[in-house]
Amino acid sequence: MSGILEHLNEPQREAVTTIEGPVMVIAGAGSGKTRALTHRIAYMIEQGINPFSIMALTFTNKAAKEMKERIMQLVEPGAARNVWMGTFHSIFARILRIEAASLGYTSEFTIYDTDDSKTLINTILKEREIDTKAYPAKYILHRISMAKSALYTPEDYCDNAEIQEQDRRANKPLIGEIFKTYNARLKRANAMDFDDILFNTNVLLRDFPDILYKYQCHFQYILVDEYQDTNYAQYLIIKRIAAMHENICVVGDDAQSIYGFRGANIQNILNFKIDYPEQKLIRLEQNYRSTKTIVKAANSVIANNKDQIKKTVWSDKEEGELITLLRATSDNEEGTLVANSIFGYKMSRQLEYKDFAILYRTNAQSRSFEQALRKQDIPYKIYGGFSFYDREEVKNVLSYFRVVINPTDEQALKRIINYPARGIGDTTWRKLQVIADQRKCTIWALLTSLNEQSSEFNMGTINRLRDFVTLIQSFQTLINKMNAFELAKHITDSVGIIKLLKEEDTIESQNRIQNIEELLNAISEFSDKQVDEVTGEQINIDLPKFMEDVALITDQDQKDDENADYVTLMTIHNAKGLEYPYIYIAGLEENLFPGIQSLSTREDLEEERRLFYVALTRAQTKLILSYAESRYRWGNITLSEPSRFIEEIDPNLIERTRKASFRGTTIKEDRGYNPFSGRGAWTFSGDKRYESSQRSQSASRTQEAPKTSYPKASASDFVFADADEIQVGMRVLHQKFGQGTVVKVEGVGPNKKASVDFDEGGNKMLMLKFAKLSILKQ
DNA sequence: GATTGTGCCCTTTTT
DNA sequence: GGGCACAATC
């Protein structure tokens, strides 16, 4: 037998060799899940299974790439390359491009990213004269996304009494209608948003039996990684394709389900048993990654969750060091403490910077760490947050490519039709929109049909529009004549974007030029990398090919320089699936982690706790937790309390030394409060004129006792209020609007709002989630 | 129609 | 503290 089965424990070997029939692998953190998956695929190939018939769905493109590389080390690399491996989105976008015609798209359809979708929503709102304050694009998009993930059409959405009731209660009854228009616009633009990729794949497999049959025959073996994070749409795709052979292996860990907010459904794990009664269940419970201390800590935390599949993750590595807890007085000090700590460990233990990662809950927290690391000349790299492809200039250039390939792509068209400025402004664009709507045609169709007789526009505008059309058409004729890089370069040159930026001649514009050059380099590199899998010849890659999954590329996918030595910074979500010897988990404060938005329901809090579990289990050797007693949020200093999650770790596993001690007492004594009574951060007003009288003793540790300048009541007469406590008739203090009287309260939970008549400044409707109100004691 | 100014609201997490 | 949307002004 080959070496593939060596160095596997018993359950792992079972997961690797059970290749026929449905298999569910419940894999605890660090239990060699990736190892099992890669070896399984290698084993299948070695058994003579055609790699093309294997579909392996991963959570990120990076994970797919890494798994491929690992499989290549086990079997003949050429074979490994032929496995269909990638994210749900990239694999099914690929299939949708092949089958686009069946669904009424062309294979050049554009994939809209969240930004495009948001802009489109806002356009629709403006057209319908709907108040964007009452209907935030982000919220609408979230509702639509959840609907699509659950396979609701706009019509289903409007017909569903429960959904309608929810929207009505949230004061947003128009969402269904907006959804309808939004989808119609996407279709008109020959575009899909992220959720459409999964939605439309389901439609394809549901309505076209011959196509379903084709892919059922094709994909005889299906593997799904991170199964706990799949949503209903993904679940059903898998179920449909796997129906013929039922050779399906899903791998997941309910304790690491952290994407509920985007529709992931742990239920999928439970459904597996029902859908495939003859399933084989394999549990990987031995953790090879972390010390006993770390595993015990993680277990003690997750035990607080009610929803979980029982399992026992254990480690037979050494006990390891205790967990260190760092207490900082401010977010900046937290940065410094962490940077010092990293430097200290690196020096005293002969480590490299790449042995360290700093994890946090929100991207905004990276700032203080960047500052501190830079100050100490510690190299670092941030993953996530603003992606290269999110940059304005990059988007503009990509929009040119998008329009050239798919001229009905309205979001891209809108972006570039007047960039660089060519006298086609907002008024003209709106006119175009209206006419296209009337004629039920695309804007591009309208543009190409304009002639001198078109009475809608004046002569000058018509000429400018026609010049633009000619420009785009001239690029279109080159698609098949030039490779991706040549055409991209040609377009950026002839449009004059670089020239425009050069004239601007600021540091900012020079940066932008560099980014555009970097984009062109990426295209060049992409073209060079594409090699025919059979002949080994280099394939000439055209621009449409490059653009195919640009929208699906994320920063996480960029290759790591193996030799580079830097500290890694990222959100915990981004850290999923990764491991580092030294892990710092920062910002362990109430209202930050767990986040304020997760406190209202048990389910949300439990997801937050799973997130903490994921963070803890990234560590191999040593965990360092930190929190700050105050931090800048929304430009104000906010005081905060240590996270309840710290308490949930078995206290015997934490060392309290140095600044880490809670002022020499135990955590319990320090915090003595009921976790569900009036918790909350104390926010100082922007001008620092008041503080909460509640626990003012601790508040004044970091802040001078401020003087009030309010005439009727002094600051100490106010007590910070939780949203639940606000009632009609109360006198309240707002950090900006001053004093007022509550006249109306509506909404529930995080959506609770209050209408307040302010003494100066009139009536305001405030989201209590954000407006930090204090109540006048009476 | 473009550019600059001002106020407002905001911070989860991501394919 | 910052980004975005709308307003004012040239």
Side-chain angles (χ1 to χ4, degrees), chain A residues 57-64 86-93 111-115 117-119 122 125-126 131-133 136-138 141-142 145 148-149 192-198 226 229-231 233-234 258-264 359-367 383-387 390 392 418-430 460-461 464 549 551-557 570-576 587 591-599 604 607-608 610-611 614-615 631-638 686 736-737 750 764 766-767 769-771:
Chain A
L57 297 162
T58 58
F59 197 70
T60 62
N61 293 308
K62 189 184 179 190
T87 61
F88 270 90
H89 287 84
S90 66
I91 295 275
F92 292 108
I111 298 170
Y112 275 9
D113 63 19
T114 311
D115 215 59
S117 300
K118 227 154 102 189
T119 318
N122 276 323
L125 293 175
K126 209 179 277 173
D131 182 14
T132 49
K133 302 247 158 59
K138 217 178 138 180
L141 215 50
H142 178 247
S145 176
K148 286 185 177 179
S149 309
M192 298 188 196
D193 65 16
F194 287 134
D195 302 306
D196 282 338
I197 294 173
L198 305 177
E226 308 283 8
D229 285 322
T230 53
N231 61 30
Q234 291 167 321
I258 54 174
Y259 281 93
F261 70 91
R262 74 173 199 214
L359 310 183
Y360 34 75
R361 176 70 239 263
T362 64
N363 279 305
Q365 287 166 256
S366 67
R367 200 207 82 246
Y383 287 84
F386 269 106
S387 153
D390 285 339
E392 191 68 25
N418 201 30
Y419 178 83
R422 45 173 77 88
I424 306 173
D426 229 33
T427 316
T428 308
W429 177 256
R430 264 181 226 168
T461 308
R464 288 193 288 265
D549 37 31
L552 302 174
I553 298 174
T554 65
D555 260 11
Q556 280 65 57
D557 301 327
M570 62 179 127
T571 63
I572 300 164
H573 282 89
N574 272 324
K576 189 162 102 154
N591 294 342
L592 180 60
F593 193 19
I596 194 159
Q597 73 294 331
S598 69
L599 301 179
D604 286 349
E607 175 152 318
E608 204 81 351
R610 291 192 295 270
L611 191 58
V614 168
R631 79 173 53 238
Y632 272 93
R633 282 178 115 178
W634 311 290
N636 290 329
I637 290 176
T638 316
K736 197 155 186 184
F737 304 130
K764 306 264 181 207
L766 303 165
M767 285 289 280
K769 175 163 66 158
F770 299 116

Item checked: Contact nearer the 5' end of DNA chain B, comparing A:Ile424 with A:Arg262 -> A:Ile424
Next item on the list: Using heavy atoms to find the nearest nucleotide of DNA chain B for A:Gly425 and A:Thr571 separately, return the residue whose nucleotide is more 5′.
Entry: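 Nearer the 5' end of the strand: A:Gly425.
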Mind calculating the distance between [atom1] ([X]) and [atom2] ([N]) to the nearest angstrom?
| X | N | atom1 | atom2 | result |
| --- | --- | --- | --- | --- |
| A:Ile572 | B:dT12 | CD1 | C1' | 11 Å |
| A:His142 | B:dT15 | NE2 | P | 15 Å |
| A:Gln234 | B:dT14 | CD | P | 16 Å |
| A:Asp131 | B:dC8 | CG | C1' | 13 Å |
| A:Tyr360 | B:dT14 | OH | P | 10 Å |
| A:Arg633 | B:dT11 | CZ | P | 12 Å |
| A:Lys148 | B:dT15 | NZ | C1' | 14 Å |
| A:Asp195 | B:dT14 | CG | P | 16 Å |

Margin query: Checking A:Leu611 against A:Phe593 for the side chain to side chain contact (heavy atoms under 4.5 Å, CB included) test, could you report, in this order, the C-alpha distance in whole Å, the side-chain angles of both residues, the deciding distance, and whether it holds?
Written below: CA-CA 9 Å; A:Leu611 191 58; A:Phe593 193 19; 4.2 Å; yes
Notebook entry, point to check: Nearest heavy-atom pair of A:His573 and A:Arg361: which atoms, and what distance?
Noted result: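 Reported closest heavy-atom pair: CE1-NH2, 3.5 Å.
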With respect to the side chain of [X], which nucleotide from [options] is positioned closest?
| X | options | result |
| --- | --- | --- |
| A:His89 | B:dT12, B:dT15, B:dA2 | B:dT15 |
| A:His573 | B:dT11, B:dT12, B:dT14 | B:dT14 |
| A:Tyr259 | B:dC9, B:dG1, B:dT14 | B:dT14 |

Margin query: Going 5' to 3' along DNA chain C, which are the first and last nucleotides with any atom under 4.0 Å from a heavy atom of chain A?
Written below: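 First-to-last contact on DNA chain C, by the 4.0 Å heavy-atom rule, is C:dG1 to C:dC6.
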Note to self: Applying the 5.5 Å / 30° rule, does A:Phe261 stack onto the base of B:dT13?
What the structure shows: yes
Any side-chain heavy atom of [X] sitting closer than 4.5 Å to one from [Y]?
| X | Y | result |
| --- | --- | --- |
| A:Ile572 | A:Tyr360 | no |
| A:Met570 | A:Leu359 | yes |
| A:Asn591 | A:Arg633 | yes |

Next item on the list: Check the pair A:Phe194 / A:Leu552 against side chain to side chain contact (heavy atoms under 4.5 Å, CB included), numbers first and verdict last.
Entry: CA-CA 9 Å; A:Phe194 287 134; A:Leu552 302 174; 3.7 Å; yes
Mark yes or no for whether [X], through its side chain, and [Y], through its backbone, hold a donor-acceptor pair below 3.5 Å.
| X | Y | result |
| --- | --- | --- |
| A:Gln234 | A:Phe88 | no |
| A:Thr119 | A:Asp115 | yes |
| A:His89 | A:Ile197 | no |

What's [X] touching, base or sugar-phosphate or nothing? Going by heavy atoms closer than 4.0 Å.
| X | answer |
| --- | --- |
| A:Ser598 | nothing |
| A:Phe88 | nothing |
| A:Asp113 | nothing |
| A:Lys126 | sugar-phosphate |
| A:Asn418 | sugar-phosphate |
| A:Ser90 | nothing |

Distance below 4.0 Å between [X] side-chain N/O and [N] OP1 or OP2:
| X | N | value |
| --- | --- | --- |
| A:Asn363 | B:dT13 | yes |
| A:Asn574 | B:dT14 | yes |
| A:Thr60 | B:dT15 | no |

Checklist line | Stems involving DNA chain C, each a run of at least 3 consecutive Watson-Crick or G-U pairs under 3.5 Å | finding: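 Counting only runs of 3 or more consecutive pairs, the stems involving DNA chain C are B:1-10 with C:1-10.
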Checklist line | Whole-angstrom distance between B:dT13 and C:dC4, as gauged at atom P | finding: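 It works out to 15 Å between them.
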Item checked: Residues in side-chain hydrogen bond (donor to acceptor under 3.5 Å, both in side chains) contact with A:Asn231, at least two apart in sequence or another chain -> none
Next item on the list: May I ask you to check whether A:Phe261 and A:His142 place their ring centres under 6.0 Å from each other?
Entry: no
